[in-house]
Enquirer: 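Here you go, one structure.
To find a chain, count down the sequence lines: A is the first, B the second, and so on, and within it residues start at 1.
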Protein chains: 2
Amino acid sequence: MTASATRKTPTSTELAAWREYIEAADELKRAVSSAMQEQSGVSSGDYSVLLALSEADGHRLRSSALADEIGWERSRLSHHLGRMEKRGLVGRDRCGDDNRGAWIVLTTEGSRLFRTASAAHFRVIRRLFVDALDDDELEGVRTASATLRRHVRSADGGASQDD
Amino acid sequence: MTASATRKTPTSTELAAWREYIEAADELKRAVSSAMQEQSGVSSGDYSVLLALSEADGHRLRSSALADEIGWERSRLSHHLGRMEKRGLVGRDRCGDDNRGAWIVLTTEGSRLFRTASAAHFRVIRRLFVDALDDDELEGVRTASATLRRHVRSADGGASQDD
DNA sequence: TCCTCCTAGTTGACATGTCAATCATAAAGG
DNA sequence: CCTTTATGATTGACATGTCAACTAGGAGGA
């Protein structure tokens, strides 16, 4: 906001850092998804949903609570739940006191698959991510990521701080 | 590969780092895409393609060279080029010595849009990414990202080093 | 009651990605 | 030449995401 604000264009070093960063994240995400899919038949999206439901009270959540929990848009979740329901991983229970929606519940099959997928998830994260970095690097990545998230969230609300 | 190999499951600290990392990347990517789309009507995918073509000799590339350049699968690029062609951003020139494909060329409109989009791209990257980190953090992110990419690439080829 | 507004969630259209199959041309070998 | 095989690229089916529009039920007030 001060000295650097006079420069509109990132330096080539800064751009290179951006490019490394975003491509690394893409490649990692793709590799993790494909390994998880292959090892357990569960995508990262499926896994987020299953994890949130597993940790929820009674293995069930209202769809908007679930969306908040995993940080998804409602419509994205709605589409995804439809697909998971077709596969028998989740179901819906009518909710007495509010008929606008229902509880999203983990089915027996969903629980079973989640246990399998967790093991695969842990192996994959260890192999592709944790094993690549030492403790200091890992800590550096964690704090930088947290900083970036805070920054993006604050910039998004107050948008158009450009120029 | 040694001490840590006896542990199958990442520690909760390691998992937390993974989660911060991947969510930060997702949020950043989404924020950047949406800001670029809004400011210039060009998505990050479009931008990669336009950038590669702009830097190419004669503003043209064979489709597989372009795919290598930006690290995409062929079919992904093919679909994307189809959409960009419909919008008039790229075209195809028959290639004399090998009739299996064509040169992908930047149209005048494509060049024009690329210039606009570059300005937006720089502003957005600066605002959402570069401004969030100091020089040391940026350098840390760059090296950690490079390390991760190397690791993923080597693990992907030789896959299934699990257990 | 009934009108209005809010909230929960779904839907449809479309952009984007992946995978496997296919097509056309090139290159090699008889 | 004429098969066979390799290469460049597209296609179709389908998974996944986004956005805007819509449905339906709750809540408050005249």
Enquirer: Could you tell me how far apart A:D46 (CG) and D:dT16 (C1') are, to the nearest whole angstrom?
Expert: 11 Å
Enquirer: Which residue lies toward the 5' end of DNA chain C, A:R100 or A:L81, if each is placed at its nearest nucleotide?
Expert: A:R100
Enquirer: Run the side chain to side chain contact (heavy atoms under 4.5 Å, CB included) check on B:I22 and A:V32 step by step: do they pass?
Expert: CA-CA 11 Å; B:I22 208 63; A:V32 167; over 6 Å; no
Enquirer: Distance check: side-chain N/O of A:S64 vs OP1/OP2 of C:dT7, anything under 4.0 Å?
Expert: no
Enquirer: Would you mind telling me which residue lines up with the more 5' stretch of DNA chain D, B:L77 or A:R87, judged by nearest nucleotide?
Expert: B:L77
Enquirer: Please work out if A:S78 contacts a base, only the sugar-phosphate, or nothing of the nucleic acid, heavy-atom cut-off 4.0 Å.
Expert: base
Enquirer: Rounding to a whole Å, what distance do you find between B:L61:CG and D:dA9:P?
Expert: 11 Å
Enquirer: Does A:R74 make a side-chain N or O approach to OP1 or OP2 of C:dA8 shorter than 4.0 Å?
Expert: yes
Enquirer: Would one find a side-chain N or O of A:R76 under 4.0 angstrom from OP1 or OP2 of D:dC19?
Expert: no
Enquirer: Testing the basics here: between B:L15 and B:P10, what is the closest heavy-atom pair and its distance to 0.1 Å?
Expert: CG-CB, 4.0 Å
Enquirer: Under 4.0 Å between a side-chain N/O of A:S43 and OP1 or OP2 of D:dT16, yes or no?
Expert: yes
Enquirer: Taking the nucleotide of DNA chain C with the closest heavy atom to each, which residue, A:R30 or A:I104, is nearer the 5' end?
Expert: A:I104
Enquirer: Phosphate oxygens OP1/OP2 of D:dG8: is one of them under 4.0 Å from a side-chain N or O of B:R62?
Expert: no
Enquirer: Return the value, rounded to whole Å, for the distance between atom CG of B:D98 and atom C1' of D:dT10.
Expert: 15 Å
Enquirer: Report the distance from atom CG of A:D68 to atom C1' of C:dG9, rounded to the nearest whole Å.
Expert: 13 Å
Enquirer: Nearest-Å distance, CE (A:M84) to P (D:dA15)?
Expert: 14 Å
Enquirer: So, taking the atom named CG in B:L51 and the one named NE2 in B:H121, what distance separates them when rounded to the nearest 0.5 Å?
Expert: 7.5 Å
Enquirer: Between B:N99 and C:dA26, is there a contact of a side-chain N or O with OP1 or OP2 at under 4.0 Å?
Expert: yes
Enquirer: To the nearest Å, give me how far apart CG (A:L66) and P (C:dA8) are.
Expert: 14 Å
Enquirer: Does A:H79 make a side-chain donor-acceptor contact with the base of C:dG9, cut-off 3.5 Å?
Expert: no
Enquirer: To the nearest 0.5 Å, what is the distance between CD on B:E27 and CZ on A:R149?
Expert: 4.5 Å
Enquirer: Look at the side chain of A:S75 and decide which nucleotide, out of C:dT16, C:dC19, D:dA20, has an atom nearest to it.
Expert: D:dA20
Enquirer: Starting at CG of A:D97 and ending at P of C:dT7, how long is that distance when rounded to a whole Å?
Expert: 17 Å
Enquirer: To the nearest 0.5 Å, tell me how far B:L133 CG sits from A:L148 CG.
Expert: 4.5 Å
Enquirer: Using whole Å, report how far CE of B:M36 lies from P of C:dA15.
Expert: 17 Å
Enquirer: On the nucleotide D:dA15, are OP1 or OP2 found under 4.0 Å from the side-chain N or O atoms that A:R83 carries?
Expert: no
Enquirer: Find out whether A:V90 and A:E85 are in side-chain contact, i.e. whether some heavy atom of one side chain is under 4.5 Å from a heavy atom of the other.
Expert: yes
